[in-house]
Student: 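Pasting in a structure now, in structure tokens, and then I'll have a few things to ask.
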Amino acid sequence: MKVTLFATCLVDMFQSDVGKATVELLERLGCEIDFPTTQICCGQPSYNSGYVEETKGAMKTMIKAFEHAEYIVCPSGSCAYMFHEYQHIFKGNPIWEPKAKELAKKTYELTQFIVDVLKVEDVGASFNGKVTYHTSCHMTRLLGVKEAPIKLLKNVKGLEYEDLPGKQNCCGFGGTFSVKMGQISEQMVDEKVSCIEETGADYIISADAGCLMNIGGRLGRKGKPVKALHIAEVLNSRL
């Protein structure tokens with residue numbers, strides 16, 4: 001199966017190990033990986049800030065970059081959802097709406113692709129430690145991916161899973177929200193950190209790089225020993 005990787009800005013710039021883990025994991029599951037070098041930002045930050053028309057150029061670039069793909073896989077529920085949003089943004093446009101609809105049909109978040117397309121729930125990973133999982137807002141509420149990451153984590157050998165209290169609550173990142181509403185964001189992430197501590201987990205896992213940067217950064221600033229990891233890194237782990 002040929003898979004085209006949508007890496008995302010945060011993975012590309014700040015969390016390259018997540019991109020590497022994603023590729024290695026998919027290759028081990030029998031996928032042939034393609035990486036379009038013309039991919040750029042999906043446009044979500046500017047679009048969510050209200051710059052709809054100004055963002056359409058970036059969206060068109062992304063549509064063209066992935067036009068050839070059979071399956072598009074993204075290690076971010078938030079960015080994968082943005083590809084699904086294009087069809088609504090270009091609604092009524094005779095050229096770009098059909099292209100955007102086709103893009104949405106073949107775009108999947110990583111765990112969604114593994115469970116729903118590859119039909120795999122045990123990737124053969126092994127990982128020692130107690131973990132809890134943060135359900136990012138866009139991935140669960142908008143993209144609708146809820147069960148896939150939990151199924152995969154619970155089949156990792158050696159991993160002890162603990163459900164996160166208040167998991168439905170936002171971590172306070174929200175892209176530009178954390179910049180524009182810094183004090184509110186701080187209170188939200190502090191609440192998330194308290195919930196993580198309540199589990200006694202050694203690791204906080206998520207499928208969105210933005211959430212992990214926010215939560216991991218706060219854990220570090222507060223001197224907490226809990227480590228933030230992307231789910232791709234756990235699923236690619238071999239002991």
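Because the structure is predicted, anything quoted here is derived from the model rather than measured. Just the heavy atoms: all of them, side chains too, but no hydrogens, waters or symmetry mates, feed the values below.
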Student: Give the table of side-chain donor-acceptor pairs shorter than 3.5 Å for residues 70-82, with sequence neighbours excluded, one pair per line with atom names and distance.
Tutor:
from: S76; atom 1: OG; to: S78; atom 2: N; distance (Å): 3.4
from: S76; atom 1: OG; to: C79; atom 2: N; distance (Å): 3.2
from: S76; atom 1: OG; to: D208; atom 2: OD1; distance (Å): 2.8
from: S78; atom 1: OG; to: Q44; atom 2: OE1; distance (Å): 3.0
from: S78; atom 1: OG; to: Q44; atom 2: NE2; distance (Å): 3.1
from: S78; atom 1: OG; to: H138; atom 2: ND1; distance (Å): 3.0
from: Y81; atom 1: OH; to: E85; atom 2: OE1; distance (Å): 2.6

Student: With the side chain counted from C-beta on, respond yes when I89 and Y47 share a heavy-atom pair under 4.5 Å apart, and no when they do not.
Tutor: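 Touching, per the 4.5 Å side-chain cut-off.
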Student: Considering residues at least two apart in sequence or located in another chain, which fulfil the side chain to side chain contact (heavy atoms under 4.5 Å, CB included) criterion with S16?
Tutor: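 With neighbours one apart ignored, the set is empty.
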Student: Within a reach of under 6.0 Å around NZ of K227, are more than 12 heavy atoms found that belong to other residues, nucleotides or ligands?
Tutor: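 No, NZ of K227 has 12 or fewer neighbouring heavy atoms, counting only those of other groups under 6.0 Å.
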Student: By the rule that ILVMFWY residues connect when side-chain heavy atoms come within less than 4.5 angstrom, directly or transitively, which residues belong alongside F173?
Tutor: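 Grouped by the 4.5 Å side-chain rule, F173 forms a cluster of one, so the answer is none.
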Student: Going by salt bridge (Lys or Arg N to Asp or Glu O under 4.0 Å), name the residues that satisfy it together with K167, two or more places apart in sequence or in a different chain.
Tutor: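 K167 satisfies salt bridge (Lys or Arg N to Asp or Glu O under 4.0 Å) with D163 once adjacent residues are dropped.
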Student: Within the structure provided, determine whether T135 and K146 are in side-chain contact (heavy-atom separation under 4.5 Å).
Tutor: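 No; the side chains remain at least 4.5 Å from each other.
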Student: With sequence neighbours excluded, what pairs up with K101 under the salt bridge (Lys or Arg N to Asp or Glu O under 4.0 Å) test?
Tutor: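 Checked K101 against salt bridge (Lys or Arg N to Asp or Glu O under 4.0 Å); matches are E97.
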Student: Can you name the side chain to side chain contact (heavy atoms under 4.5 Å, CB included) partners of K222, sequence neighbours left out?
Tutor: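 Testing K222 for side chain to side chain contact (heavy atoms under 4.5 Å, CB included), a comparison that skips the adjacent residues, returns D190, V193, R218, K224.
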Student: Is there a side-chain contact between K180 and S49, using heavy atoms and a 4.5 Å cut-off?
Tutor: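 In short, these two side chains touch, coming nearer than 4.5 Å.
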Student: Scan side-chain atoms only and decide if S185 and Q183 contain a donor-acceptor pair under the 3.5 Å cut-off.
Tutor: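 No donor-acceptor contact under 3.5 Å links the two side chains.
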Student: In terms of heavy-atom contacts, does CD of Q168 have more than 12 from other residues, nucleotides or ligands at under 6.0 Å?
Tutor: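 Check passes, neighbour count above 12.
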Student: Side chains of residues 210-217: which donor-acceptor pairs under 3.5 Å do they make with residues two or more places apart or in other chains?
Tutor:
from: N214; atom 1: ND2; to: C171; atom 2: O; distance (Å): 3.1

Student: Using links of under 4.5 Å between side-chain heavy atoms of ILVMFWY residues, direct or through other members, which residues join I184 in one cluster?
Tutor: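 Direct or chained contacts put I184 with F177, M181, M188.
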Student: Would you give me the side-chain donor-acceptor pairs under 3.5 Å for residues 57-67, sequence neighbours excluded?
Tutor:
from: T61; atom 1: OG1; to: G57; atom 2: O; distance (Å): 3.1
from: E67; atom 1: OE2; to: K99; atom 2: NZ; distance (Å): 2.6

Student: Per the ring pair (Phe, Tyr, Trp, His ring centres under 6.0 Å) rule, what does the pair list look like for residues 183-212, sequence neighbours excluded?
Tutor: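 Sorted pair list: F127-Y203.
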Student: Sequence neighbours excluded and cut-off under 3.5 Å, please list the side-chain donor-acceptor pairs for residues 23-30, or say none.
Tutor:
from: E24; atom 1: OE1; to: N236; atom 2: ND2; distance (Å): 2.8
from: R28; atom 1: NH1; to: N236; atom 2: OD1; distance (Å): 2.9
from: R28; atom 1: NH2; to: L235; atom 2: O; distance (Å): 3.3

Student: Using a distance-only test with no angle check, is there a side-chain donor-acceptor pair under 3.5 angstrom linking S46 and T55?
Tutor: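 Side-chain D/A pair, S46 to T55: present.
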Student: Listing request: all side-chain hydrogen bond (donor to acceptor under 3.5 Å, both in side chains) pairs with a residue in residues 1-14, at least two apart in sequence or in separate chains.
Tutor: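 Listed once each, the pairs are T4-D34.
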